[in-house]
Every structure is written in structure tokens, then in C-alpha cells.
Amino acid sequence: MASERRKTILAIETSCDESAIAIADFSDGNVRVHSHIVSSQANLHALYGGVVPNLARREHERNLVPILVETLKGMPQHVSVSKIRNTKYLPDRQAGQIQNIDRILAREPELLHHFKKHILALPPPDIDAIAITTGPGLAPALWVGVNFARALADLWRKPIISVNHMAGHLFSAFLEKREKEMLAIPKPTFPVLALLVSGGHTELVLVKKPWRFHMIGATLDDAVGEAYDKIGRIMGLPYPGGPAMSRLAEEGNPAIYPLPSPMLHSKDYNFSFSGLKTAAFYLIRDLTAKKKLTKKQKADIAASFEKAAIDVLIKKTLRAAHEYRAKSILLGGGVSANRSLRSRLGDEIKKHLPDTKYHIPDTCLAGDNALMIATAAYMTGMKKARNPDEVRADANLILGTD
Ligand code: KG4
Ligand code: ZN
């Protein structure tokens, strides 16, 4: 665990189609959020029916500097003229340093341009470290964030902390809202079992002690969010399909078109959603052979799909919690915004494991954001990379092996 001394972390997240930056202070289980900005590219990728990696990369290149400038406005000292006058950064910024930034951002010319125009002139913010998502995610998107973090670390002489995106989702479940900008992190009780469900991953992660992650199960094919999105797309729902499907599912009857829960009875903790996706695909194909789906039919299909997916997620999570005697269960990742999953898992824990704590993220922190990356950096002990050049993006990073 990190020392209880106050740490201020600036975190950057660009693993997929959200450009996000946050600055927060952490001390003694309390979190004060100075800034927390998420800029979603969803509307752009919606035109293509899914995330286009090079488009995501281009948008991150455009978005990061304006977001950072906005984020820094949340820092109290940023506007203090006296502190600006007193800082020693000006003489440091010699030609050599600018050359470094030219080199670090050589592959992101648009970002380099914005960086030189808007960031070089700023005083270094009063932060202890820069946290950056290094993976897993889309390589072109990750690299923009990583190189941006490296350039900032070089300019401001700050350490970089590499963060696994899935660790970010895991820790987001611990952030409890207090007042407006204050959050609290309760002392976790171990073992912790985390069900992480997103657009790219479906994982069961066991944490016996802080913070050693053991992945005890994962999807063998599609992630659950991905399956939601694909079925949503086939039914003509807006992108991303997950939220739209879950809204529809609330009005539907899952008994009308029963769909299979893949691997419900398998002895391991792995998942598979491609069979469910295919079954839903054939059902929709048969129903639409003669005429278009009615709203009622769409709702019934969504409800059936959701029931089949959530049944298997809950069953395996509870079985793992029993086997490993989990004292805390947590839910994280974009799909953790799903109301049915949140409430059904909570009800089952209350019923079968009443002494187990249940942590879920606030719905506004369920999707990708940078506050969760700052939290993971703090909670895992502020591990630093010695040299910013050592920090690399890894699209296939696996929790527990990094
Ligand atoms: O964690 P996240 O924001 O990005 C990734 O790391 O992938 O997760 C995004 C996924 C998408 O597949 C989206 O459709 C899904 O989370 N999602 C939902 C809901 N809200 C977002 N899936 C089901 N029900 C929801 N309410
Ligand atoms: Zn995510």
C-alpha cells in the first residue's frame, strides 16, 4: 500500500474510444478530485458501427491537449501568479528538452503541434506522478496516451506509473461518493473476487493480498460487452449496443425467446459468449425473414439475451466466491453499469453470502475514465518506471502478469 502521505496524481486513459484525464489527491482513504474529464468518441465510431483504431488514435491526438489544459484549471495553484513567478522551470526548458519532446512525439505530429503551442508555456502542476494506461486496449490508441505521458514526464520531470486498464476498472468499484468532489476508498477485506466485464474483457480475478492479481477465469472468445454491442447492431440499435440493449431488456420478457447460457455448467471459471451471440443472430434472422422486428420483439430478444448472459456471470462469480472464501466481491468495467447485473448480483450475494461485502462503481465511473487509473496507481503503491523511455504500450497486457 502507498504511504498515507498525500499524493497528487494526474492520470491519462486512451485505451479505446474515450480520451480521459483526471487529477486527484489521495490520502488516508480519501480522494479529492480536482478534475475529471472524459471525452467520448462514441458518436464518431457509431458511423462505422464499432471502434476504428486509427480513427480513435487521431481523435486522441486532437483531444488530449485541450483536455489537459481544461483539467489543469482544476488545480488550485495553477492560477496562482506568485507560484508561477517562483517556479524554476523556465531556465530548464532548453533546446535539448524540446528536442526530447520532438523525439517522443515524433509519431504523433498533430499532438506534438498542440503540445508545443499550449503545453510548453504552462507551469508544471503540483503533482507527484503521471499515471498512464499502458494496456490492454487498442495499440494505436494506447500509444498516443503513452507518448503524451512520456512527453509530460520529460517536460515536468515527474515519474510515470504504468497502469493496467483492468486494474483501473477493478479499483473503480472501491470509489465511494461522499460530497461533491470527495470520494472515499474503504479498507478492502481480502480475499477480494472481482468480476470485470467490459467491451474487450470478461474476467474473474482473485486478489488474496494487496495487490496480487490472479485471473481465475476469462472469456474464451467474445467479451460480454462485445456480444451486447453486436446483437444491438444486428437489431439496428444505436452504438454502442450495450446501454440500448439493457434499456430495451427492462421492457421485455425473457421467457418468449429463451437463449442458451453458454458454459453455465462447466467446472472452470471461464466464459464464452460467441454461442449466445450466434443463437441470438439466428433467432433474429428467422424472425426477420418475412417482416421487420417489432419493438416488443426487440425487447423480448434483448431481455432473453441479457438473462442468458447475466445468469452465467452470476453463477460463476458466486461459485468462485464460495470456493475461494471471498470476503469482498466487486464488479467493474463498462458492463457494470447494467442495472440488472448490479442488482441481481447484489441480491444473490445478500442471499447466499451475507457476510461478503459487495462493491460496485458509481455508474458514472463504470465506463472508461482516468480517475480509476489514478486510483489504481495510488492503491498499487505508486510503482514508478525509472526512465520514461521504458514505458511502453502493450495491447495484450494481462492483469497479474504485468
Ligand atoms: O469498460 P468499457 O467502457 O470499455 C472497454 O474497456 O471495453 O466498456 C464498454 C462496454 C461496451 O461494450 C458497452 O456496450 C458496455 O460496456 N456497456 C453495457 C452497458 N453500458 C455499457 N453493457 C450492458 N449494459 C449496459 N448498461
Ligand atoms: Zn474499459
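Heavy atoms only: backbone and side chains are in, while hydrogens, waters and symmetry mates are out. Just so you know, ligand 1 is whichever comes first in the structure, and atom 1 is the first atom listed for that ligand. The first residue of the sequence shown is numbered 1, and numbering continues consecutively from there.
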Exercise answer, ligand 1 polar atom pairs (N/O) under 3.5 angstrom:
residue	atom	partner	partner atom	Å
ligand 1	1 (O)	His169	NE2	2.9
ligand 1	1 (O)	Gly334	N	3.0
ligand 1	1 (O)	Asp368	OD1	3.1
ligand 1	3 (O)	Asp368	N	3.2
ligand 1	3 (O)	Asp368	OD1	3.3
ligand 1	4 (O)	Asp368	OD1	3.3
ligand 1	4 (O)	Asp368	OD2	3.2
ligand 1	6 (O)	His165	NE2	3.2
ligand 1	6 (O)	Asp368	OD1	3.4
ligand 1	7 (O)	Gly199	N	2.8
ligand 1	7 (O)	Gly200	N	3.4
ligand 1	8 (O)	Gly199	N	3.4
ligand 1	12 (O)	Gly225	O	3.2
ligand 1	12 (O)	Asp229	OD1	3.4
ligand 1	12 (O)	Asp229	OD2	2.7
ligand 1	14 (O)	Asp229	OD1	2.6
ligand 1	14 (O)	Gly242	N	3.2
ligand 1	24 (N)	Asn338	ND2	3.0
ligand 1	26 (N)	Ser246	OG	3.2

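For the residue pair Tyr228 / Asn338, a side-chain donor-acceptor distance below 3.5 Å is found, with atom types taken as modelled. Neither side chain, Asp394 nor Thr134, offers a donor N or O lying under 3.5 Å from an acceptor on the other. In this structure, a donor-acceptor pair under 3.5 Å is present between the side chains of Asp368 and His165. Checking Asp221 against Ser272 by side-chain atom types alone, a donor-acceptor pair falls below 3.5 Å.
Protein N/O/S atoms found under 2.8 Å from the Zn ion (ligand 2), listed by chain and residue number: His165 NE2, His169 NE2, Asp368 OD1.
The environment of Lys315 atom NZ is dense: over 12 non-hydrogen atoms of other residues, nucleotides or ligands sit within 6.0 angstrom.
Counting heavy atoms from C-beta outward, Phe115 and Leu152 have side chains that approach closer than 4.5 Å.
Of the possible donor and acceptor atoms, none in the side chain of Asp362 sits under 3.5 Å from a partner among the backbone N and O of Leu365.
Closest of all the heavy-atom pairs between Arg103 and Arg150 is NH1-NH2, 4.1 Å.
Tested against Arg5, the residues Asp25, Asp28, Asp128 include a single salt bridge (charged side-chain N to carboxylate O under 4.0 Å, His left out) partner, Asp128.
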